[in-house]
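For clarity, every value in this text was computed on a predicted model and none was experimentally measured.
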Amino acid sequence: MDKDLTTDLQARLQAAIAEATPLALVGNGTKSFLGRAVQAEPLALSGHTGILSYQPTELVLTARCGTPLSEIESALAGQGQMLSFEPPRFASSEDGSGATLGGAIAAGLSGPARPYWGSARDLVLGARVLTGRAEVLRFGGEVMKNVAGYDVSRLMVGAMGTLGILLDISVKVLPLPAATQTLVLECALEDALIRMNQWAATPLPVSATCCDGQRLWVRLSGAVQGVAEALERIGGELVDETDADVFWRDQVRDQRHAFFAGTQPLWRLSVPSATPPLALDGHWLIEWSGGQRWLRSDAQSEHIRTEAARAGGHATLFRGGDRTGEIFHPLPDGLMRLHRQVKASFDPQGILNPGRLYADI
């Protein structure tokens, strides 16, 4: 059922400001493990639902933050379109019905196609936001060029609700590819990195890559002829379409691969794609042509972050470990000051998700 909770949420926030009561923004909880633990009073957002506008010919959809991704993708599929950043679900149900648009954008996570089709931030066109001042503001619009000054709507992507409550979000959608096929090759990590970067330097229609240390998976998407030619050029074993869909959607995007099972700390490293294997003990799974690297390791956080920084990247403690400590890569002093200033502008009393990103933000 479509429902607008703007007035209720604004009233609840006004009361929290008056009482200096911090609020923990809560959707359906599929990404509650992300970031630092927040000690605050829950504010439920999942009831704020409904697709407000969908213009297939303009490739734009606008929906309230609590709208399930499954509902949005069903509407898009009916018009042969998709959310091209493939937002992860991390849901317990097979259809991922618990995941919402607001959670996907607030978390700022993208799936296997991110380096090839764009990130969540790339595809957000506009947003209506309830700030920590209890003001309802609209940023951006429903066209790609509707930007003047700071692109605040995209600033909300990945902010984990620390700057404002996302009410409505407009996103750019894309047509489904005419053909999609997946190949798998026996391949160690070092060789896989070489191959993935070679493919990235060509016009091959690659839309996803993943190596678990033994096998390299590559997804090809685009025109029928282009995909057929790429299959011959790359070689390897052709994967059944249903099995391939399960692999990319469930095992990789939603982290149901055996690699992600267990309680050992899971690190997400973002590094330049051509970076050689890093000197870190643990088990690896690599995506995004080498740009996103998952590490299962008990190594010290300082050591992992030092190695990531030495490679020109950063490291996040994605799952497990101490969730009261620093989860995200430490920021330089100047950038941290800027973060604090932005937080103070949108949420001067620190009411919204305090400490979710960094301890003092």
Cluster question for you: counting only ILVMFWY and a side-chain heavy-atom cut-off of under 4.5 Å, with indirect links fine, are [X] and [Y] together?
| X | Y | value |
| --- | --- | --- |
| Val342 | Ile165 | no |
| Leu83 | Met156 | yes |
| Ile327 | Leu25 | no |
| Leu130 | Leu101 | no |
| Leu23 | Tyr358 | no |

Straight-line distance of [X] [atom1] to [Y] [atom2], nearest 0.5 Å:
| X | Y | atom1 | atom2 | result |
| --- | --- | --- | --- | --- |
| Phe259 | Arg296 | CZ | CZ | 6.5 Å |
| Asp250 | Asp245 | CG | CG | 7.5 Å |
| Glu86 | Asp254 | CD | CG | 10.0 Å |
| Ser46 | Lys3 | OG | NZ | 10.5 Å |
| Leu285 | Leu266 | CG | CG | 9.5 Å |
| Cys210 | Arg219 | SG | CZ | 11.0 Å |

Should we say atom [atom1] of [X] is surrounded by more than 12 heavy atoms from elsewhere, each under 6.0 Å from it?
| X | atom1 | answer |
| --- | --- | --- |
| His283 | NE2 | no |
| Asp240 | CG | yes |
| Gln14 | CD | yes |

Got a sec, which residues hit salt bridge (Lys or Arg N to Asp or Glu O under 4.0 Å) with [X], two or more places apart in sequence or on another chain?
| X | answer |
| --- | --- |
| Arg233 | none |
| Asp243 | none |
| Arg64 | none |
| Arg340 | Asp360 |

Within-4.5 Å side-chain heavy-atom neighbours: [X] and [Y]:
| X | Y | value |
| --- | --- | --- |
| Leu155 | Phe346 | yes |
| Leu317 | Trp267 | yes |
| Val173 | Ile72 | no |
| Thr100 | Thr49 | no |
| Leu357 | Lys343 | no |
| Gln251 | Trp217 | no |
| Val136 | Val129 | no |
| Gln81 | Pro56 | yes |

Okay, side chain of [X], backbone of [Y]: is any donor-acceptor separation there less than 3.5 Å?
| X | Y | result |
| --- | --- | --- |
| Arg121 | Arg154 | yes |
| Trp288 | Ala113 | no |
| Arg114 | Ala120 | no |
| Thr209 | Ser289 | yes |

Which heavy atom of [X] sits nearest a heavy atom of [Y], and at what distance?
| X | Y | answer |
| --- | --- | --- |
| Ile304 | Ala315 | CG2-CB, 4.0 Å |
| Ile17 | Gly132 | CD1-O, 3.0 Å |
| Leu109 | Pro88 | O-CD, 3.7 Å |
| Arg253 | Pro87 | CD-O, 3.6 Å |
| Pro112 | Pro115 | O-CD, 3.7 Å |
| Thr67 | Ala63 | OG1-CB, 3.9 Å |

Under 3.5 Å, sequence neighbours excluded: what are the donor-acceptor pairs made by side chains of residues 174-193?
from	atom 1	to	atom 2	distance (Å)
Thr180	OG1	Ser221	OG	3.3
Thr182	OG1	Trp248	NE1	3.0
Asp191	OD2	Arg195	NE	3.3

### Task
Only counting residues at least two apart or in another chain, list the ones meeting ring pair (Phe, Tyr, Trp, His ring centres under 6.0 Å) with Tyr54.
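Once residues adjacent in sequence are excluded, Tyr54 has no partner under the ring pair (Phe, Tyr, Trp, His ring centres under 6.0 Å) criterion.
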
### Task
Please list, chain by chain and in numerical order, all residues satisfying ring pair (Phe, Tyr, Trp, His ring centres under 6.0 Å) with Tyr116, sequence neighbours excluded.
none

### Task
Would you please test Trp284 and Leu269 for side chain to side chain contact (heavy atoms under 4.5 Å, CB included) and show each step?
CA-CA 10 Å; Trp284 293 92; Leu269 282 73; 4.1 Å; yes

### Donor-acceptor pair between Asn28 and Thr30 side chains, under 3.5 angstrom
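Asn28 vs Thr30: no donor-acceptor pair found between side chains.
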
For [range], which residue pairs pass the salt bridge (charged side-chain N to carboxylate O under 4.0 Å, His left out) check, not counting sequence neighbours?
| range | answer |
| --- | --- |
| residues 302-322 | Glu307-Arg310 |
| residues 284-294 | none |
| residues 10-39 | Arg12-Glu41 |
| residues 159-169 | Arg128-Asp168 |

### Message
Check this for me: does any side-chain nitrogen of one of Arg215 and Glu237 sit under 4.0 Å from a carboxylate oxygen of the other?
### Response
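Answer for the salt bridge query: no.
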
### Message
Does anything in residues 14-50 form a ring-ring contact (aromatic ring centres under 6.0 Å, His included)? List the pairs, not counting sequence neighbours.
### Response
Phe33-Phe90, Phe33-Phe318

### Task
Dump the intermediate steps for side chain to side chain contact (heavy atoms under 4.5 Å, CB included) on Ser84 and Leu123, then the final yes or no.
CA-CA 9 Å; Ser84 59; Leu123 300 168; 3.2 Å; yes

### Message
Going by side-chain contact (heavy atoms from CB on, under 4.5 Å), Phe139 matches just one of Val124, Leu125, Val152. Which one?
### Response
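Of the listed options, the one satisfying the test is Val152.
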
### Task
Would you please test Asn353 and Asp347 for side chain to side chain contact (heavy atoms under 4.5 Å, CB included) and show each step?
CA-CA 10 Å; Asn353 273 1; Asp347 182 21; over 6 Å; no

